[in-house]
Amino acid sequence: MALSIRLSRGGSKKRPYYRIVVADARSPRDGKFIEKIGNYNPLLGKDDEKRVVLDAERAKHWIGVGAQPTDRVARFLDKAGVQERAARNNPNKGKPGEKATERAEERAEKLKAAQEAADAPAETAAETETAEA
């Protein structure tokens, strides 16, 4: 049986409250679970100690048994010092898409052409002044 440590949503509409539970990976998000090992209240401030309440000893037990935490729960476990989470690295995430890149190149070309057009009349005016003198 594949176990996962994940969040189970509670609370009313637009007022989320989550339980951190150990459940069978095949069961629905808010369905049957094996054990509740903590809770998470995202409405509290990030520095509030009651935002995430976690039974670290039970979490260690379930990880030892083979339960896999979800990404969000893995962050909580890392902060609690239960299980270290590897840092992710996606260097392409911040790059603009194809269309945005094309638009930026077009803007750069137009700006360069406008600058060259502005420089050309100034040069011809300077040349005519030197020829008259």
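Nearest heavy-atom pair across Ser4 and Ala25 is OG-CA, 4.1 Å. Residues Arg9 and Pro16 share a closest heavy-atom pair of NH2-CB, 3.3 Å.
Under the rule for a ring-ring contact (aromatic ring centres under 6.0 Å, His included), the partners of Tyr18 that lie at least two apart in sequence or sit in another chain are Tyr40. Partners of Ser27 by side chain to side chain donor-acceptor pair (under 3.5 Å), not counting sequence neighbours, listed by chain and number: Arg6. Every side-chain contact (heavy atoms from CB on, under 4.5 Å) that Lys50 has, sequence neighbours left out, goes to Leu44, Asp48. Qualifying side chain to side chain donor-acceptor pair (under 3.5 Å) partners for Asn89, counting only residues two or more places apart in sequence or in other chains: none. Asp71 meets the salt bridge (charged side-chain N to carboxylate O under 4.0 Å, His left out) test with Arg88; sequence neighbours excluded. The salt bridge (charged side-chain N to carboxylate O under 4.0 Å, His left out) search around Glu35 returns Arg58, not counting sequence neighbours. Remark: Arg15 engages no residue in a side chain to side chain donor-acceptor pair (under 3.5 Å) (not counting sequence neighbours). In terms of the side chain to side chain donor-acceptor pair (under 3.5 Å) criterion, Lys110 has no residue partners (sequence neighbours excluded). With sequence neighbours excluded, the residues satisfying salt bridge (charged side-chain N to carboxylate O under 4.0 Å, His left out) with Arg26 are Asp24.
At a threshold of 4.5 Å between non-hydrogen side-chain atoms, the residues Val21 and Ile34 do not count as touching. Ile20 is not listed as a side-chain neighbour of Asn39, based on a closest heavy-atom distance of 4.5 Å or more.
Distance check: Ile37 CD1 to Glu57 CD gives 12.0 Å after rounding to the nearest 0.5 Å. Note that CZ of Arg19 and CG of Asp30 are 8.0 Å apart. Values are rounded to the nearest 0.5 Å.
In the hydrophobic clustering of this structure, Ile63 groups with Leu7; members are Ile, Leu, Val, Met, Phe, Trp, Tyr whose side-chain heavy atoms approach within less than 4.5 Å, directly or through other members.
Among residues at least two apart or in separate chains, there is no salt bridge (Lys or Arg N to Asp or Glu O under 4.0 Å) pair with a member in residues 97-109. Sorted pairs that involve residues 87-107 and meet ring-ring contact (aromatic ring centres under 6.0 Å, His included), not counting sequence neighbours, are lacking altogether.
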Under 3.5 Å, side-chain donor or acceptor atoms of residues 75-84 against the rest of the protein: list the pairs with distances, not counting sequence neighbours.
none

